[in-house]
Amino acid sequence: MYALVASAPENSAATIQLMTAEGILAGPAQTVARSDLAGVVSSLEREHAPRWVWDRAQNWYPELLAANVRVERCHDLALRQAILVHSAFTAETGYGDNAAMLPPENEASQAGSTSTQGSLFEQLSASTGWDLATVTAELGAQKAAIASSTHPARLTLLTSAESACALVAAEMQYEGIPWREDLHRRLLHELLGPEPTGYVHPEKMDELAATLRAALDAPALNPDSPQELMRALHRAGIDVKSTRSWELMEFKHPAIEPLLAYRKLSRLFTTNGWTWLEQWVHQGRFHSEYVVGGVVSGRWASRGGGAMQIPKQIRGAARADPGHKFIVADAAQLEPRVLAALAQDSTMAAAGRDSDLYAGIAAQGFGGERDMAKVALLGAIYGSTSGESGRLMPQLTRMYPLAVGFVEEAARAGERGETVTTRLGRSTPPVSAQWRASQRSSTAEEQRRAESAARTRGRFTRNFVVQGTAAEWACCWLAELRRRLRALPLETVTTSGTQADRPAMVFFLHDEVMVHCPDALIEVVTKIVHDSSRAATRLLFGEIPLEFPVNVTVVENYADAK
DNA sequence: GCACTGAGCGCG
DNA sequence: AAAGCGCGCTCAGTGC
């Protein structure tokens with residue numbers, strides 16, 4: 001059973017239509033005031049357990065969660081459309097030409113909540129989501145496109161898992177990461193000094209700036225200005241081409257150390273300091289919005305608060321509640337393993353038989369040098385040509401012709417302007433007409449630039465197939481994890497039997513997931529994490545002679561993970 | 001004053 | 001040791 005959810009003509013209402021899997025309407029559509037929506041959804045969920053179909057989960061689910069209503073499954077039509085529009089598997093179906101225009105994002109449901117940004121136009125357009133006719137037509141068009149595609153099973157899996165992730169993302173946003181404001185403030189005080197009042201810098205930054213100005217003999221220097229800084233460095237005889245820290249570290253000069261220290265503190269103060277704390281941490285939780293499929297490769301992005309760039313420096317402020325632990329799980333060497341599976345390179349798969357793939361590769365041919373094996377393999381996935389990893393490529397190619405050949409072929413296709421596709425069917429967007437035109441250029445200078453652009457695109461497509469398929473593995477892992485956690489019988493696993501005592505996914509970062517878990521459930525949830533990873537591997541690749549091991553640590557404090 | 005870009009750096 | 005992939009955030013600087 002499907003339950004289609006759409007915007008009613010009146011903005012403050014929704015239309016709900018039940019429909020069978022065969023597309024037959026089950027009863028009349030009902031119009032529900034937005035304020036009654038959660039109650040209606042809750043009772044339909046209990047009665048029919050339908051698959052909810054809506055323009056975007058993000059436009060509907062947050063308000064349901066706020067009313068403590070959760071759903072088992074959905075179709076997020078916008079996320080499915082983003083996949084199907086470009087997928088090579090649906091290229092012959094004509095779907096891309098007929099897809100409905102993407103629904104706007106509902107501003108009110110977003111995590112930022114300060115609502116200071118966003119033009120008047122955006123606020124107006126945000127008020128109208130898809131109506132019932134659009135939702136019905138788009139669902140039909142998507143089902144038809146998948147059914148007539150070259151790989152219906154893979155696209156069904158991908159679009160289902162992606163929709164499940166939309167639910168995961170909204171739930172994570174709602175839960176938030178347990179975040180101890182007092183510990184964060186203590187960390188800031190230790191590193192930066194007392195909280196400054198007004199528009200001044202913290203003590204420790206001012207001290208370092210003064211040391212730096214003295215060392216460079218530049219009393220008026222603003223260390224935040226790359227231009228001023230570059231001039232001052234050159235005057236002091238430090239001949240750098242940029243002021244990047246790795247380049248500065250090559251030089252020996254009394255100004256380098258205070259400059260690097262200043263940079264580090266400045267970054268902490270401006271990005272994750274007191275202002276960040278006030279803006280993003282409320283009632284002991286850090287809430288950020290996740291953007292599923294926000295990256296071309298299908299990885300998640302985040303909006304607001306920089307959830308996916310939390311520096312290691314402040315992870316100590318993430319603490320599990322009393323009686324709880326964080327279960328932090330990350331997939332070991334996910335991308336190299338994905339490459340071995342995609343290329344069906346059984347030699348590389350054999351190297352990954354034990355839990356450390358890099359060590360296995362090092363043992364097979366890099367004289368046991370694990371770091372060397374790692375640099376070489378990542379270089380192959382990123383398209384490195386120079387430096388140490390570039391020099392190691394010939395040896396890697398001799399050892400694993402299938403794996404290296406696979407990414408090389410993806411690179412060549414990208415250079416020719418073709419699209420490439422992940423295991424489950426996410427394709428790169430087509431090259432622009434401008435890009436294609438530039439490839440047929442006449443002058444030598446244009447030719448040189450065109451070749452450079454082609455190589456850049458080759459590195460992109462080379463990485464896309466691996467990073468994108470890794471994102472699909474992680475997406476399936478999350479979906480399986482969510483399903484299994486929901487299936488835990490509430491009364492047998494918690495003392496209080498309340499929603500608050502259930503294990504909750506609270507953070508996800510590409511190949512790592514964090515579950516906030518009551519102490520009594522740590523063993524059972526740890527097993528679920530592992531079971532879900534094995535399920536994800538089977539869903540993507542079937543039965544293959546390669547494991548995707550997951551490292552699990554149980555900690556009170558996120559800083560103690562790995 | 002606003003929108004945009006580049007530099008720099010945080011994460012994987 | 002080197003600088004190859006994908007992002008988001010902040011600030012300085014620029015152009016209107």
Side-chain angles (χ1 to χ4, degrees), chain A residues 111-112 117 119 199 201 221-230 240-250 259-260 262-273 275-276 279-280 288-315 330-336 338-339 369 371-372 374-393 396 407 410-411 414 420 426 428 455-471 474 507-513 558 562:
Chain A
Q117 68 274 71
S119 66
Y199 295 94
H201 280 169
L221 172 70
N222 170 12
D224 293 328
S225 161
Q227 294 183 12
E228 279 185 44
L229 190 58
M230 185 79 101
V240 281
K241 286 188 286 299
S242 76
T243 68
R244 291 204 160 86
S245 9
W246 63 265
E247 199 178 337
L248 290 168
M249 276 186 279
E250 318 253 300
L259 173 54
L260 294 176
Y262 176 89
R263 280 264 174 84
K264 196 92 183 148
L265 291 189
S266 170
R267 168 88 193 178
L268 175 64
F269 172 61
T270 56
T271 309
N272 296 104
T275 311
W276 179 89
Q279 189 174 2
W280 297 106
S288 170
E289 183 185 357
Y290 295 95
V291 187
V292 175
V295 178
V296 268
S297 63
R299 276 185 170 183
W300 292 18
S302 70
R303 193 150 48 199
M308 305 185 106
Q309 298 105 247
I310 300 171
K312 300 212 159 115
Q313 251 174 337
I314 61 160
R315 290 186 179 184
D330 80 293
Q333 308 108 28
L334 178 56
E335 293 192 356
V338 161
L339 172 57
E369 296 285 337
D371 285 356
M372 220 189 245
K374 180 175 176 176
V375 162
L377 196 46
L378 291 178
I381 294 172
Y382 291 157
S384 168
T385 53
S386 63
E388 190 190 355
S389 68
R391 284 194 295 280
L392 295 172
M393 283 301 291
L396 194 74
V407 282
V420 296
R426 192 187 303 266
T428 49
R455 279 194 300 274
T456 297
R457 187 157 192 284
R459 287 194 300 276
F460 166 63
T461 51
R462 170 199 294 268
N463 188 250
F464 181 93
V465 289
V466 177
Q467 187 185 111
T469 304
F507 187 54
F508 170 64
L509 185 55
H510 308 318
D511 60 0
E512 169 183 332
V513 66
Y558 187 29
K562 47 181 165 175

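Numbers restart at 1 for each chain; the letters A, B, ... are given by sequence-line order, proteins then strands. The analysis underlying the following values was restricted to heavy atoms, covering all of them including side chains, and did not include hydrogens, waters or symmetry mates.
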note = Base-pair string, DNA chain C, Watson-Crick plus G-U, cut-off 3.5 Å on both distances, | for inter-strand, is ....||||||||||||
task = Evaluate side-chain contact (heavy atoms from CB on, under 4.5 Å) for A:Gln467 paired with A:Val295, printing each intermediate quantity in order.
result = CA-CA 10 Å; A:Gln467 187 185 111; A:Val295 178; 4.2 Å; yes
note = From CD of A:Gln313 across to C1' of B:dC9 the rounded distance in Å is 11 Å
Partners meeting salt bridge (charged side-chain N to carboxylate O under 4.0 Å, His left out) with A:Glu369 (sequence neighbours left out) = none
query = Contact class for A:Arg315 vs. all strands (heavy atom < 4.0 Å): base, sugar-phosphate, or nothing?
reply = sugar-phosphate
task = Write down the distance between CD1 (A:Ile310) and P (B:dG12), rounded to a whole number of angstrom.
result = 10 Å
task = Look up atom CG in A:Leu509 and atom CH2 in A:Trp300, then write down how far apart they are to the nearest 0.5 Å.
result = 10.5 Å
remark   = Between the CG atom in A:Asn272 and the CZ atom in A:Arg315, the distance rounded to the nearest 0.5 Å is 10.5 Å
query = To the nearest Å, how far apart are A:Met393 CE and C:dA1 C1'?
reply = 18 Å
task = Assign the ring pair A:Tyr290 / A:Phe507 to parallel, tilted or perpendicular, where the plane angle (0 to 90°) is split at 30° and 60°.
result = tilted
request  = Examine distances only and state if a side-chain atom of A:Thr243 and a backbone atom of A:Met230 form a donor-acceptor pair shorter than 3.5 Å.
outcome  = no
query = Given the rule in the side-chain hydrogen bond (donor to acceptor under 3.5 Å, both in side chains) test, do A:Arg455 and A:Thr385 qualify, once you have shown the distances and angles that lead to the verdict?
reply = CA-CA 11 Å; A:Arg455 279 194 300 274; A:Thr385 53; over 6 Å; no
query = Rounded to the Å, how far apart are A:Glu369 CD and C:dA1 C1'?
reply = 13 Å
inquiry  = With the 90 degree cut-off around zero defining syn, does C:dG4 come out syn or anti?
reply    = syn
request  = Verify, without hydrogens or angle tests, whether A:Arg457 (side chain) and A:Gly414 (backbone) share a donor-acceptor contact under 3.5 angstrom.
outcome  = yes
inquiry  = Categorize A:Ser266 for me: base, sugar-phosphate, or nothing, with a 4.0 angstrom heavy-atom threshold over every strand shown.
reply    = nothing
query = Over how many whole Å does the gap from A:Glu512 atom CD to B:dG12 atom P extend?
reply = 7 Å
request  = Let me know the distance between OH of A:Tyr290 and P of B:dC11, rounded to the nearest Å.
outcome  = 16 Å
remark   = Nucleotide by nucleotide, nucleotides 3-13 of chain C touches protein heavy atoms under 4.0 Å in the pattern (B base, S sugar-phosphate only, - none) BBBBSBBSSSS
query = A:Lys241 has an atom NZ; how far is it from atom P of B:dA7, in whole Å?
reply = 15 Å
request  = Have a look at A:Arg462 and say if it touches a base, only the backbone sugar-phosphate, or nothing, with a 4.0 Å heavy-atom cut-off.
outcome  = nothing
inquiry  = Whether A:Lys241 and A:Glu250 form a salt bridge (side-chain N of Lys/Arg under 4.0 Å from carboxylate O of Asp/Glu) is what I want to check.
reply    = no
ask   = To the nearest Å, how far apart are A:Leu268 CG and B:dC11 C1'?
value = 15 Å
